[in-house]
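Worksheet for the structure shown next.
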Amino acid sequence: MNKKLTPKFIWETITGDKQLLAGTIGAIILILVVILAPVLATDDPYYFGPDSMNLMGENGHILGTNHMGQDVYSMIIYGARTSLKVAIVSALISAIIGVFIGGIAGYFGGKLDLIISEVINVFLMLPTFFLIMLIIALFGNSLMNVMIVIGLTNWPSNAKLMRAQALSLRERTFVRSATAMGETKWQILMKYIIPNGVFPVVSNTTMGMSGAILTEAGLSFLGLGDPNIISWGQMIYAGKPYITSAWWLSTFPGLAAIFTVLVFYLLGDGLNHVLDPKYSKKR
């Protein structure tokens with residue numbers, strides 16, 4: 001995209017793509033929920049009250065309470081913090097590793113590219129979720145461990161995208177000119193290859209946030225999440241035994257997870273549209 005990133009251009013770009021607009025609105029809602037959680041929550045989500053298994057609206061509890069007397073609505077509000085933290089941190093780890101490994105492989109080429117490509121293929125063939133379960137079982141299920149492990153297992157797709165971009169960019173005139181002017185390969189990689197090839201990785205990473213949220217929720221549902229934090233997956237897991245008598249315990253956290261995953265999918269797909277060179281030419 002060659003146009004200057006002025007507020008007007010950004011606004012026109014967002015409003016010009018329905019998926020990006022919907023994803024942006026959803027992301028703003030999620031961010032506001034995270035920031036305003038103490039204001040939006042009606043109760044302390046960690047408080048074990050005397051009113052257990054209340055129905056929706058009963059005793060002032062909007063979405064009822066669980067078997068421990070915790071307010072379900074307040075837990076969902078604070079659970080958004082956990083989901084966004086997992087999505088952002090794990091996505092950043094995945095993006096940074098993928099960009100550098102893919103950039104090095106594509107730009108330097110040769111045997112180094114061959115070795116890195118084989119490593120990427122090995123990681124792509126691994127059953128990622130079971131690998132994450134194994135690592136969590138060995139090193140602990142703290143939220144930090146969960147975020148790091150998700151990030152360390154999701155970088156191959158970003159690496160493949162960055163490698164493809166680097167293979168194309170290294171043949172461009174401006175890169176050859178930089179080489180002729182005496183700049184080192186590392187300087188060219190950091191100044192020209194990565195900045196100009198990172199756009200597909202941005203959209204892929206945004207869509208990957210959805211997978212990170214689902215992975216954390218899946219781990220929590222299986223009892224492998226951090227018990228010291230509030231998570232939508234843990235809420236679904238805790239409500240599973242009561243699904244026939246207290247359906248709200250699992251249903252509303254599940255709907256919150258679905259909404260968040262959909263938001264990041266729309267945001268990533270929309271970014272994929274607007275960052276496509278063909279889209280820029282049409283504008």
Side-chain angles (χ1 to χ4, degrees), residues 26-27 30 33-34 37 45-46 63 66-68 70 72-98 122-159 204-243 246-265 267-268:
L30 287 171
V33 168
V34 168
Y46 292 96
L63 299 180
N66 63 10
H67 62 292
M68 300 294 289
Q70 293 171 285
V72 173
Y73 167 74
S74 299
M75 292 179 73
I76 290 174
I77 295 296
Y78 275 84
R81 289 185 168 184
T82 301
S83 292
L84 259 67
K85 188 185 295 183
V86 169
I88 293 171
V89 174
S90 60
L92 283 175
I93 294 172
S94 170
I96 291 170
I97 295 174
V122 169
F123 268 88
L124 287 172
M125 289 187 293
L126 290 174
T128 307
F129 189 75
F130 292 104
L131 179 62
I132 293 173
M133 289 176 59
L134 177 62
I135 295 173
I136 292 298
L138 290 173
F139 297 101
N141 58 348
S142 69
L143 184 62
M144 182 57 67
N145 284 349
V146 170
M147 293 187 294
I148 292 173
V149 169
I150 293 174
L152 291 176
T153 53
N154 288 334
W155 62 268
S157 60
N158 287 330
N204 185 65
T205 299
T206 306
M207 294 179 71
M209 290 181 178
S210 301
I213 292 171
L214 288 175
T215 300
E216 188 279 328
L219 289 170
S220 297
F221 180 75
L222 294 172
L224 294 174
D226 189 342
N228 299 314
I229 54 97
I230 292 176
S231 162
W232 292 333
Q234 287 185 355
M235 293 178 68
I236 297 171
Y237 173 71
K240 185 176 64 172
Y242 311 99
I243 193 67
W247 56 269
W248 60 90
L249 299 181
S250 296
T251 301
F252 290 111
L255 291 174
I258 291 171
F259 171 76
T260 306
V261 168
L262 182 61
V263 164
F264 282 113
Y265 176 80
L267 195 60

Can you name the closest pair of heavy atoms from [X] and [Y] and give their distance?
X      : Y      : answer
Ser157 : Asn204 : OG-ND2, 3.3 Å
Phe264 : Ser210 : CB-OG, 3.2 Å
Ala27  : Val263 : N-CG1, 3.4 Å
Ile243 : Ser250 : CD1-CB, 3.9 Å
Ile93  : Met147 : CD1-O, 4.1 Å
Phe123 : Pro156 : CB-CG, 3.5 Å

Would you please test Leu219 and Met133 for side-chain contact (heavy atoms from CB on, under 4.5 Å) and show each step? CA-CA 7 Å; Leu219 289 170; Met133 289 176 59; 3.8 Å; yes

Value rounded to 0.5 Å, distance of [atom1] in [X] from [atom2] in [Y]:
X      : Y      : atom1 : atom2 : value
Thr215 : Ile150 : OG1   : CD1   : 5.0 Å
Ile236 : Leu249 : CD1   : CG    : 11.0 Å
Leu214 : Ile258 : CG    : CD1   : 9.0 Å

Greater than 12 external heavy atoms within 6.0 Å of Phe129's CZ: yes

Out of Ile135, Ile136, Leu134, which one pairs with Leu138 under the side chain to side chain contact (heavy atoms under 4.5 Å, CB included) rule? Leu134

Does Phe139 form a side-chain contact (heavy atoms from CB on, under 4.5 Å) with Val149? I'd like the steps, not just the answer. CA-CA 10 Å; Phe139 297 101; Val149 169; over 6 Å; no

Are the aromatic ring centres of Trp248 and Tyr242 under 6.0 angstrom apart? no

Going through the checks in order, is the ring-ring contact (aromatic ring centres under 6.0 Å, His included) test met by Trp247 and Phe252? CA-CA 9 Å; Trp247 56 269; Phe252 290 111; 5.7 Å; yes

Side-chain donor-acceptor contacts of residues 75-88 below 3.5 Å, not counting sequence neighbours, with atom names and distances?
from	atom 1	to	atom 2	distance (Å)
Arg81	NE	Val34	O	3.1
Arg81	NH2	Val34	O	3.3
Thr82	OG1	Ile230	O	2.7

Thr128: partners by side chain to side chain contact (heavy atoms under 4.5 Å, CB included), with sequence neighbours left out: Ile132, Thr153, Asn154

